[in-house]
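Notes follow the structure.
Sequence lines set the chain letters: A, B, ... in the order given, protein chains first and strands last, and positions in each chain run from 1.
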Protein chains: 2
Amino acid sequence: MASHGARGRSGGRPTLEEVAARAGVGRGTVSRVINGSPRVSDATRAAVEAAVAELGYVPNTAARALAANRTDAIALVVPEPEARFFAEPYFSDMLRGVGAELADSEMQLLLTFAGNARGRQRLAQYLAAHRVDGVLLVSVHADDPLPDLLAQLEIPAVISGPRSAAEALTSVDSDNYGGARSAVEHLLARGRTEIAHITGRLDVYGAQRRVDGYRDALRDAGHETDELLVEPGDFTEEGGRRAMSALLERRPGLDAVFAGSDVTAAGARQVLREAGRRIPDDVALIGYDDSAIARHMDPPLTSVRQPIEEMGRAMIDLLLAEIADRRPAASRGLERRHAVLATELVVRASS
Amino acid sequence: MASHGARGRSGGRPTLEEVAARAGVGRGTVSRVINGSPRVSDATRAAVEAAVAELGYVPNTAARALAANRTDAIALVVPEPEARFFAEPYFSDMLRGVGAELADSEMQLLLTFAGNARGRQRLAQYLAAHRVDGVLLVSVHADDPLPDLLAQLEIPAVISGPRSAAEALTSVDSDNYGGARSAVEHLLARGRTEIAHITGRLDVYGAQRRVDGYRDALRDAGHETDELLVEPGDFTEEGGRRAMSALLERRPGLDAVFAGSDVTAAGARQVLREAGRRIPDDVALIGYDDSAIARHMDPPLTSVRQPIEEMGRAMIDLLLAEIADRRPAASRGLERRHAVLATELVVRASS
DNA sequence: ATCACGTGTGGGAGCGCTCCCACACTACCT
DNA sequence: AGGTAGTGTGGGAGCGCTCCCACACGTGAT
């Protein structure tokens with residue numbers, strides 16, 4: 001057996017040319033049918049479709065990508081270690097929305113982790129090779145160079161987070177400020193007076209905005225700011241425990257805690273229990289994200305729902321639009337390129 | 001700093017040809033350097049590498065794929081709804097092993113969900129288009145047509161599970177039978193006499209093998225089979241609760257439970273607690289997977305550790321070898337194409 | 001009749017690579 | 001001297017598409 005015969009012409013998949021021959025038309029016509037161009041007569045279209053079906057023709061992605069200079073793929077970039085991706089429901093919700101919105105598109109989704117230096121390196125290489133038509137960037141940190149890199153490479157990209165994170169990039173955000181306000185206002189309305197806040201990781205934009213919402217709600221209600229009631233967390237359960245311990249020590253009289261995430265609230269709850277505080281009788285507790293944890297906690301946790309799945313959908317919509325705009329290199333419409341989605345307070349037994 | 005030098009040309013990225021011109025060599029030589037061929041003199045190689053660096057050359061993936069008829073990508077196919085993927089540590093461990101082993105390869109990993117009919121459809125289309133060089137198939141169910149499809153399309157593939165699942169495909173499995181035996185033998189050695197088993201989903205091959213191991217261990221120890229001590233579960237917490245309730249009703253005198261997964265064990269634990277049974281005093285409990293849950297449970301859960309991460313590594317190794325073998329269309333070495341990795345019982349306070 | 005258009009259609013010219021053959025050029029034999 | 005390897009190198013011939021120009025047809029206005 002000739003070793004170089006592996007390039008087998010006869011045994012391979014059918015090509016455009018073969019379909020064209022079968023249907024008795026030219027290559028261009030088949031291409032038009034495949035790509036849904038309207039400039040084909042009904043009879044011709046039917047003949048081509050028949051030939052495609054008979055031969056089981058499937059377009060060669062590589063050839064298309066080379067000729068058309070596009071890949072029909074987009075990347076969901078997670079600049080976090082994989083462990084966090086699995087630990088936080090945020091990402092799975094986001095992925096669900098993205099997947100759903102992408103379901104009826106031809107686009108293929110690539111999941112890319114870039115949690116360490118090596119991953120960053122690979123990603124940069126990857127983007128430089130233009131292996132994707134667009135990028136979805138979630139969980140961007142304060143000093144992250146990724147947005148700049150994307151802008152510089154002129155790769156369409158949508159970021160989840162506030163516009164300030166990367167002015168040049170389209171963004172989709174949820175109303176972190178308003179969500180935090182609604183939580184605090186709810187606690188105030190229930191008569192709580194000493195309300196603590198365990199923040200998220202402050203190098204994540206949204207976490208900072210929640211702190212702002214917390215502060216402003218208290219200030220607008222006439223409370224004076226007590227910085228000892230604010231303790232940094234990091235979105236993890238362990239961080240929640242640590243912060244709660246610190247808070248109890250500094251302000252044993254607190255009667256409510258607004259946590260930066262449900263997971264954090266779970267950690268805080270443990271410490272409160274161990275300290276003999278009843279929830280909500282002694283201390284009211286509110287989380288953020290309204291994830292599955294919130295529903296299953298004992299008692300069920302009041303939480304600020306972010307429309308994460310919708311955010312995923314919105315991000316895809318904007319990204320696809322931006323990719324489509326890239327073809328005719330005009331009309332760089334700057335209108336409504338920054339979306340903010342509303343949050344909702346889901347009240348349960350913990351408050 | 002010269003990275004912008006050649007950009008003006010046709011507005012695009014530098015090509016092989018441009019690198020060749022810059023280095024004063026031919027296209028073929030540059031290609032050889034890029035692909036690490038040894039048939040290049042040191043001087044020439046250095047010149048080419050300099051030109052590559054100066055121009056910031058990055059190979060065009062599409063062109064390479066078209067010319068070489070390969071994609072440098074492999075797919076990790078998860079034939080489950082996305083929710084399960086996130087809920088079960090099994091998948092994240094597997095992904096970690098796969099990712100680690102792939103880190104120093106040029107291969108890119110695609111994560112593909114095919115949990116519903118629509119996903120299946122997309123996947124089939126995807127495979128038919130040969131968009132990947134190989135496939136990793138995890139969590140295959142009994143009547144799944146995917147292995148056959150892969151064999152038919154002649155796409156290199158490695159399956160996680162026993163060889164019987166798809167004789168034609170390379171497989172990597174952990175010793176489910178032995179793992180279950182070791183768990184039961186441990187319980188027997190501790191003097192337990194009425195040992196129940198909550199199974200995994202029985203349409204998953206591994207779960208069935210664990211039942212076999214459970215039965216054989218009891219039989220070999222001279223116990224007679226009591227089918228009322230076996231209750232089907234589905235790997236979920238809820239399933240564990242349901243099964244435990246059923247078992248307690250049928251066999252209130254049981255003194256040990258071997259659960260099909262740690263998550264299942266967590267569910268069983270809740271029901272045991274509510275029924276007033278102390279662990280391990282009244283009832284010993286053993287899980288499977290040795291996931292994070294096991295370590296953090298109260299009391300810490302004895303569990304059968306599967307080397308999932310290693311399985312991921314092994315799968316990648318075998319797959320890459322198979323892809324490499326595909327080039328010279330000879331030597332379809334059938335040797336050691338079915339690997340079985342050992343399990344280990346991790347004993348903690350619950351037994 | 002001529003011209004002007006719009007509508008379908010065929011096929012040439014690439015896209016940027018890899019593969020492989022041909023061709024130096026150098027050893028080291030007979 | 002001629003022969004025979006082996007080594008490094010250049011470049012033609014594609015891979016299977018998309019893009020776009022050319023052209024064959026209508027059809028209606030001049």
Side-chain angles (χ1 to χ4, degrees), chain A residues 2-48 52 55 57-72 106 128-131 133 327-328, chain B residues 6 9-21 23-48 52 55 57-72 106 128-131 133 327-329:
Chain A
S3 55
H4 70 284
R7 292 268 245 155
R9 319 251 321 107
S10 47
R13 300 149 50 195
T15 69
L16 241 207
E17 192 111 33
E18 287 164 26
V19 173
R22 177 88 170 212
V25 299
R27 260 184 13 258
T29 302
V30 176
S31 178
R32 263 165 241 136
V33 172
I34 299 293
N35 293 291
S37 158
R39 318 196 131 284
V40 182
S41 70
D42 290 347
T44 306
R45 180 183 307 278
V48 170
V52 166
L55 295 174
Y57 170 75
V58 179
N60 180 315
T61 329
R64 173 177 290 180
L66 178 58
N69 196 32
R70 61 191 163 86
T71 62
D72 293 324
E106 290 291 84
H130 285 261
R131 289 186 72 157
D133 292 340
R327 305 257 293 143
Chain B
R9 279 295 173 276
S10 49
R13 304 146 49 196
T15 69
L16 241 207
E17 192 111 34
E18 286 164 24
V19 174
V25 300
R27 260 184 11 258
T29 301
V30 177
S31 178
R32 263 165 242 135
V33 171
I34 299 293
N35 293 291
S37 159
R39 317 197 131 284
V40 182
S41 69
D42 289 347
T44 308
R45 180 183 307 279
V48 170
V52 165
L55 295 174
Y57 170 75
V58 179
N60 180 316
T61 328
R64 173 177 287 180
L66 178 58
N69 194 32
R70 62 195 162 85
T71 63
D72 292 325
E106 290 291 85
H130 286 259
R131 290 188 69 160
D133 292 341
R327 305 254 295 141

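In this structure, CG of L66(A) is placed 11 Å from P of dT18(D), rounded to the nearest angstrom. In this structure, D72(A) places its CG atom 13 Å from P of dC17(D), rounding to the nearest Å. Atom CZ of R131(B) and atom C1' of dG16(D) are 15 Å apart (whole Å). What separates CG of D42(A) from P of dT7(C) is a distance of 14 Å, to the nearest Å. Separating the CZ atom of R64(A) from the C1' atom of dG14(C) is a distance of 18 Å, rounded to the nearest angstrom. Per the geometry, CD belonging to E17(B) stands 14 Å off P belonging to dA13(D), to the nearest Å. Atom-to-atom, CZ of R70(B) to P of dG16(D) comes out at 16 Å; the value is rounded to the nearest Å. I34(B) has its CD1 atom 11 Å from the C1' atom of dC17(C), to the nearest Å.
Helix-axis bend for the helix from dA1(C)-dT30(D) to dC29(C)-dG2(D): the local axis fitted to the five terminal pairs at one end deviates from that at the other end by 60°, rounded to 10°.
Residue N60(A) has no polar side-chain atom (N or O) positioned under 4.0 Å from OP1 or OP2 of dC15(D).
For the side-chain contact (heavy atoms from CB on, under 4.5 Å) criterion with V19(A), the lone passing option out of T29(A), V33(A), L55(A) is L55(A).
Residues passing the side chain to side chain contact (heavy atoms under 4.5 Å, CB included) test with A23(B) are V25(B), V48(B), A51(B), sequence neighbours excluded. Evaluation of the salt bridge (Lys or Arg N to Asp or Glu O under 4.0 Å) rule for R32(B) yields no partner, not counting sequence neighbours. Looking at residues two or more places apart in sequence or on another chain, you find no side chain to side chain donor-acceptor pair (under 3.5 Å) involving N69(A).
Heavy atoms of N69(A) sit nowhere under 4.0 angstrom from any nucleic acid atom.
Side-chain contact check for R70(B) versus D133(B): some heavy-atom pair is nearer than 4.5 Å.
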Taking only N/O atoms, report every protein-nucleotides 7-11 of chain D pair under 3.5 Å with atom names and distance.
| from | atom 1 | to | atom 2 | distance (Å) |
| --- | --- | --- | --- | --- |
| dT9(D) | OP1 | S41(B) | OG | 2.9 |
| dT9(D) | OP1 | T44(B) | OG1 | 2.1 |
| dT9(D) | OP2 | S41(B) | N | 2.9 |
| dT9(D) | OP2 | T44(B) | OG1 | 3.4 |
| dG10(D) | OP2 | G26(B) | N | 2.6 |
| dG10(D) | OP2 | T29(B) | OG1 | 2.7 |
| dG10(D) | N7 | R32(B) | NH2 | 3.3 |
| dG10(D) | O6 | R32(B) | NH2 | 2.9 |

Only distances under 3.5 Å count here; give the side-chain donor-acceptor pairs of residues 58-65 of chain B to other protein atoms, sequence neighbours excluded, each with its distance to 0.1 Å.
| from | atom 1 | to | atom 2 | distance (Å) |
| --- | --- | --- | --- | --- |
| N60(B) | OD1 | A62(B) | N | 2.8 |
| N60(B) | OD1 | A63(B) | N | 3.0 |

May I have the list of side-chain donor-acceptor pairs in residues 34-41 of chain A shorter than 3.5 Å, sequence neighbours left out?
| from | atom 1 | to | atom 2 | distance (Å) |
| --- | --- | --- | --- | --- |
| N35(A) | ND2 | S31(A) | O | 2.8 |
| N35(A) | ND2 | S31(A) | OG | 3.4 |
| S37(A) | OG | R39(A) | N | 3.2 |
| S41(A) | OG | T44(A) | N | 3.3 |
| S41(A) | OG | T44(A) | OG1 | 2.7 |

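Each salt bridge (charged side-chain N to carboxylate O under 4.0 Å, His left out) pair with one or both residues in residues 20-31 of chain A, not counting sequence neighbours, appears once here: R22(A)-E54(A).
Here the closest non-hydrogen pair linking T15(A) and Y57(A) is C-CE1, 3.6 Å.
In the set dT18(D), dC17(C), dC15(D), the nucleotide with an atom closest to the side chain of S31(A) is dT18(D).
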